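The structure under discussion appears below in the form of structure tokens.
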Amino acid sequence: MRALLDLTAEDFHAWLQAQGQPPLRARQVRRWLFAGRAESFEQMTDLPLALRQALAAQFQVFGSRIARHLRSCDGTNKLLLRLTDEQLIECVLLLEDDRHTACISTQVGCGMGCVFCASGLAGFERNLTTGEILEQLLRLRNLLPDEQTAGMNPAARLQTAGMNPAARPKTAGMNPAARLQTAGMNPAARLSHIVVMGMGEPLANLDNLLAALDVATAKDGLGLGARHVTISTVGLPAKMRRLADLKKQYHLAVSLHAPNDALRNQIVPTNDRTGIAAILDAADYFYAQTHRQVTYEYVLLRGLNDQPRHAEELARLLQQRQAHLNLIPFNDVEGLPYQRPEQASLTDFVARLRRRGLVVHVRKRKGADIDAACGQLRRSALAPRGEQALTLSRRGAEDRREERE
Ligand code: SAH
């Protein structure tokens with residue numbers, strides 16, 4: 001059965017037409033999904049019963065099932081989703097006072113093979129569809145408490161939109177359609193940021209990702225600002241240029257991890273085909289086209305790329321650029337021989353870069369008790385029984401946003 005979210009708007013209109021339904025039904029369904037948090041067609045009570053039945057016979061609202069839902073004591077939520085073909089993917093919700101960040105996957109597994117990363121260990125399976133990418137966003141958003149309408153079913157939620165005394169000043173005078181559109185716009189219930197830093201290489205699945213982000217940033221979708229979306233890439237220069245040419249306001253993060261090609265070839269195997277210079281050129285082009293500063297990510301691996309000479313070389317490489325640097329102390333991955341840097345070398349590394357005028361952030365750990373680093377949960381779920389150590393793992397994860405100073 002097809003997932004509704006995988007249909008393009010045109011496909012869905014054509015389907016409705018074949019059912020003898022007016023085009024406005026598409027908007028109604030969309031509103032139920034994005035504002036009403038509906039997870040089944042039955043819940044879409046203002047649609048004719050026959051249409052609800054026809055939809056239910058042909059489509060699923062969501063294609064995946066939640067295989068696991070882990071909650072960290074710091075508020076981080078992680079979902080392991082089982083897709084229709086039984087593949088598993090992960091997505092994470094990071095909660096802070098003023099930010100609700102979804103960290104999403106774009107592929108099952110990953111083909112890039114970065115030596116320290118859990119996602120690539122079992123290789124690449126397939127790209128996610130646009131619907132599968134969107135579904136992660138909706139499922140994570142639906143975990144957010146909607147304080148005004150907590151405990152209500154989706155029908156009641158939509159009906160009370162604009163009826164709530166607290167919401168009235170904002171929606172007074174609006175027509176019912178506009179009022180309904182503001183349902184789900186309660187800041188406490190909204191996703192504010194997206195980081196495409198889960199499993200997979202986003203730029204290797206760019207078309208499906210862009211289609212999903214179009215919906216995420218649409219007013220009648222999830223309504224996020226494009227500037228609050230960060231796409232993290234291993235560095236695929238041609239795709240970076242393509243993204244730049246679209247002139248979207250998405251934020252680009254480039255996983256550099258080494259200041260020279262010899263070392264980067266060891267850590268990021270795709271580098272021997274691209275090389276650092278071509279990646280930096282493409283990043284400069286992205287900045288020129290979009291006026292959005294590129295962030296460079298650098299995973300610190302003890303003894304391998306965390307030495308003073310690496311910091312100096314990295315500073316020389318990035319000094320002339322309007323670049324931000326995001327340092328990520330390595331998160332342990334079972335079976336891999338790497339370690340986080342010593343605190344003293346981390347401090348020294350940061351100081352050397354700052355002395356050269358670079359803007360440096362060190363990422364905080366989040367969800368450390370729930371395997372929230374990319375690919376880790378799926379890996380432990382795929383492990384043979386007996387090797388599963390899901391809930392009590394001590395492995396860490398990143399707060400996948402830049403730390404604000
Ligand atoms: N393929 C994309 C997205 C990967 S996940 C990319 O390469 O950018 C986002 C970031 O987390 C990347 O910089 C990635 O290298 C880093 N990462 C992956 N596994 C990690 C680990 N075990 N510890 C620290 N950072 C990790």
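All ligand and atom numbering here is 1-based and tracks the order in the structure. The figures here come from the full heavy-atom set of this structure, side chains too, leaving out hydrogens, waters and symmetry mates. From a predicted model like this one, the values you see are computed outputs, not experimental measurements. In this chain, numbering begins with 1 at the start of the sequence shown.
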Would you say R242's side chain and L203's backbone share a donor-acceptor pair under 3.5 angstrom?
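Such a contact is absent between R242 side chain and L203 backbone.
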Quick one: does NZ or CZ of R52 land under 6.0 Å from the six-membered ring centre of F41, within 45 degrees of the ring axis?
no
Would you mind running through ligand 1 and noting each atom that sits below 4.0 Å from a heavy atom of [X]?
{"X": "I328", "answer": "24 (C), 25 (N)"}
{"X": "F116", "answer": "15 (O), 17 (N), 18 (C), 19 (N), 20 (C), 22 (N), 26 (C)"}
{"X": "C117", "answer": "18 (C), 19 (N)"}
{"X": "V234", "answer": "6 (C), 7 (O), 8 (O)"}
{"X": "S255", "answer": "6 (C), 7 (O), 8 (O), 12 (C), 13 (O)"}
{"X": "V333", "answer": "22 (N)"}
{"X": "E297", "answer": "10 (C), 13 (O)"}

Taking atom CD as the centre, does Q319 end up with more than 12 heavy-atom neighbours from other residues, nucleotides or ligands that are less than 6.0 angstrom away?
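Yes - once you tally the heavy atoms of other residues, nucleotides and ligands closer than 6.0 Å, there are more than 12.
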Heavy-atom neighbours of E42 CD exceed 12 at 6.0 Å:
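No, not enclosed.
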Tell me if the centroids of the rings in F116 and H257 come within less than 6.0 Å of each other.
yes
Is the gap between the ring centers of W15 and F59 under 6.0 Å?
yes
Taking only non-hydrogen atoms of [X], do any sit less than 4.0 angstrom from ligand 1?
{"X": "E201", "value": "yes"}
{"X": "H257", "value": "yes"}
{"X": "G200", "value": "yes"}

Under the criterion side chain to side chain donor-acceptor pair (under 3.5 Å), I'd like the reasoning laid out for T290 against Q249: C-alpha separation, chi angles, the key distance, then a yes or no.
CA-CA 7 Å; T290 62; Q249 284 298 292; 5.4 Å; no
